[in-house]
Trainee: 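Please read through the structure below; I'll follow up with questions.
Excluded from the calculations below are hydrogen atoms, water molecules and symmetry mates; all remaining heavy atoms, backbone and side chain alike, are included. Proteins get letters first, then strands, A, B, ... in listed order; numbering begins at 1 in each.
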There are 2 protein chains.
Amino acid sequence: MAKIKPGKNASKRDLITQKAAALFKKKGYSSTSMRELAETVGVEAPSLYNHIGSKSELLQTICFKVANAFTGYLESAEAANGSSVTKLEHTIRFHIHMMLQNFNEVYVANHEWKHLKEPYLSNFLIQRRSYEKRLIGLVENGIAAKAFKNVNPFVSVLTILSAVRGLEFWQQPKKNISNRVLEDDMVNHLLKGIIK
Amino acid sequence: MAKIKPGKNASKRDLITQKAAALFKKKGYSSTSMRELAETVGVEAPSLYNHIGSKSELLQTICFKVANAFTGYLESAEAANGSSVTKLEHTIRFHIHMMLQNFNEVYVANHEWKHLKEPYLSNFLIQRRSYEKRLIGLVENGIAAKAFKNVNPFVSVLTILSAVRGLEFWQQPKKNISNRVLEDDMVNHLLKGIIK
DNA sequence: TTCAAAAACTAATAAGTGTTAGTTTTGTAA
DNA sequence: TTACAAAACTAACACTTATTAGTTTTTGAA
């Protein structure tokens with residue numbers, strides 16, 4: 001039987017990926033060396049290759065884990081009952097939760113995707129574009145149902161996604177404002193901008 | 001007399017800085033090599049050093065040019081006459097203009113500042129923090145004057161700055177929506193979220 | 001205790017990095 | 001045309017990079 005490995009029961013590969021996300025966020029993908037990553041894992045650099053395929057594979061794993069999480073949630077939200085307003089609000093809240101709970105991974109997916117190699121780079125961008133289009137569709141539905149103002153759906157989605165993404169500036173000082181207040185204030189600010 | 005140098009009358013140093021901004025944006029600071037930069041300038045790598053001091057000096061120039069532009073505008077906006085609402089709106093519009101007109105530089109300042117060396121890194125962060133605080137002060141004034149809702153000023157400023165920053169996702173496809181519509185829609189969306 | 005597989009190690013490689021030294025070419029004022 | 005400075009060039013250095021090869025250690029079931 002396997003002993004208690006790293007931390008809990010996560011595989012060493014998962015541990016390496018997690019440490020990589022933290023380093024990629026802190027220093028950027030290109031400025032993070034495998035030797036440095038190995039050191040935080042507590043091992044020599046070549047030993048990493050007993051568990052992973054390559055440095056760029058680590059980036060792929062991180063980016064697509066995040067992308068799939070968002071895509072998966074949106075699919076379930078679309079299929080659920082409820083108004084466009086509700087669906088949009090839930091999706092915004094999901095974005096905020098992801099930012100707060102998977103900070104490193106989401107940050108890396110947002111900032112370091114450009115270092116993905118083909119065909120992963122193209123796939124990632126296609127998936128992201130498709131996600132944005134479906135979100136725009138949600139806003140268009142809300143406008144058609146006269147729940148939203150007659151705004152430009154593209155601009156609205158851009159504004160919302162960007163504002164939520166900005167939570168990355170947040171976590172660093174850990175201000176004395178609760179996540180709950182933060183989330184509600186932000187959802188309010190963003191929805192008030194488009195709801196009739 | 002000097003012949004017609006690069007493009008207009010810009011110094012070669014400025015040309016190099018401009019090309020560097022484009023490359024830093026496209027590939028990231030660390031992944032951009034001096035040989036690559038030299039090639040886009042049309043010269044061998046060591047020749048660059050007749051005009052610049054170092055690679056990191058290029059990043060410093062770009063980042064502080066942007067930071068100083070924002071700081072300078074905010075100072076003049078604070079000194080001007082007008083309500084907090086007007087000042088905030090003008091500042092948002094200035095951000096949008098900067099994004100649309102100095103795309104590469106602003107992008108680099110937003111994304112690659114972490115590769116600045118000390119003491120420039122600290123100075124940059126201090127300057128940015130100070131900027132945010134003054135913007136928060138603007139919102140607090142608006143709340144005190146009962147022009148704004150009783151929102152959390154920190155969250156509001158974060159939301160606004162992030163939303164405007166998101167314009168970086170915009171320019172790439174050059175959608176068939178005019179900059180004017182974009183600007184007005186975004187200003188509207190953001191101000192409606194906090195104005196009483 | 002035995003033994004095989006997993007995973008660590010050391011050593012090395014080929015490629016790429018920013019930058020300097022030293023030299024040649026270019027441009028322009030006298 | 002001469003002469004000097006600006007700016008280009010080639011060659012090279014000292015370092016770092018991700019990764020592979022080959023070997024030794026560790027692990028855990030039999």
Trainee: I want to verify a distance call: between D:dT10, C:dC9, D:dA7, whose nearest atom is closest to the B:Asn50 side chain?
Mentor: D:dA7

Trainee: Taking atom types as modelled and ignoring hydrogens, do the side chains of B:Ser31 and A:Ser30 form a donor-acceptor contact shorter than 3.5 angstrom?
Mentor: yes

Trainee: State, yes or no, whether a side-chain contact exists between B:Met34 and B:Tyr49 at a heavy-atom distance under 4.5 Å.
Mentor: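 Counting from C-beta outward, B:Met34 and B:Tyr49 do come under 4.5 Å.
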
Trainee: At under 4.0 Å, does any side-chain N or O of B:His51 touch on OP1 or OP2 of D:dA6?
Mentor: no

Trainee: List the steps, then state whether side-chain hydrogen bond (donor to acceptor under 3.5 Å, both in side chains) holds for B:Asn68 with B:Gln127.
Mentor: CA-CA 9 Å; B:Asn68 292 337; B:Gln127 188 168 348; 3.1 Å; yes

Trainee: Check for a donor-acceptor pair, side chain of A:Glu168 on one end and backbone N or O of A:Tyr107 on the other, with a separation under 3.5 Å.
Mentor: no

Trainee: For the pair made of CD1 in A:Ile52 and P in C:dA8, what is the distance, rounded to whole Å?
Mentor: 12 Å

Trainee: Assess the pair B:His95 and B:Phe70: is the distance between their ring centroids shorter than 6.0 Å?
Mentor: yes

Trainee: Taking only the side-chain nitrogens and oxygens of A:Ser47, find out if one of them lies under 4.0 Å from OP1 or OP2 of C:dC9.
Mentor: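 Yes, within the criterion.
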
Trainee: Can you measure A:Glu44 atom CD to C:dA7 atom C1' for me and round it to whole angstrom units?
Mentor: 13 Å

Trainee: Between P on C:dT17 and NE2 on B:His115, what's the gap in Å once rounded to a whole number?
Mentor: 15 Å

Trainee: Where does the angle between the aromatic ring planes of A:His111 and B:His111 fall among parallel (under 30°), tilted (30 to 60°) and perpendicular (over 60°)?
Mentor: tilted

Trainee: Whole-Å distance between D:dA6 C1' and B:Arg13 CZ?
Mentor: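 Atom-to-atom, B:Arg13 to D:dA6, this comes out as 16 Å.
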
Trainee: Enumerate all atom pairs, one protein N or O and one N or O from nucleotides 13-17 of chain D, separated by less than 3.5 Å.
Mentor:
none

Trainee: So, the side chain of B:Asn152 versus the backbone of B:Val155: is there a donor-acceptor pair under 3.5 Å, distance only?
Mentor: yes

Trainee: What does the list of N/O pairs under 3.5 Å between the protein and nucleotides 20-23 of chain C look like, with a distance for each?
Mentor:
none

Trainee: Round to a whole Å and report the spacing from NZ of B:Lys12 to P of D:dA5.
Mentor: 21 Å

Trainee: Could you check how far CD1 of A:Ile16 sits from P of D:dA18, rounded to whole Å?
Mentor: 14 Å

Trainee: I'd like to know if A:Ile126 and A:Leu135 are part of one continuous hydrophobic network [Ile/Leu/Val/Met/Phe/Trp/Tyr, side-chain heavy atoms within less than 4.5 Å].
Mentor: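 In one cluster: no.
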
Trainee: Cation-pi between B:Lys114 and B:Phe124: NZ/CZ under 6.0 Å from ring centre and within 45° of the ring axis?
Mentor: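 No, a cation-pi geometry is absent between B:Lys114 and B:Phe124.
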
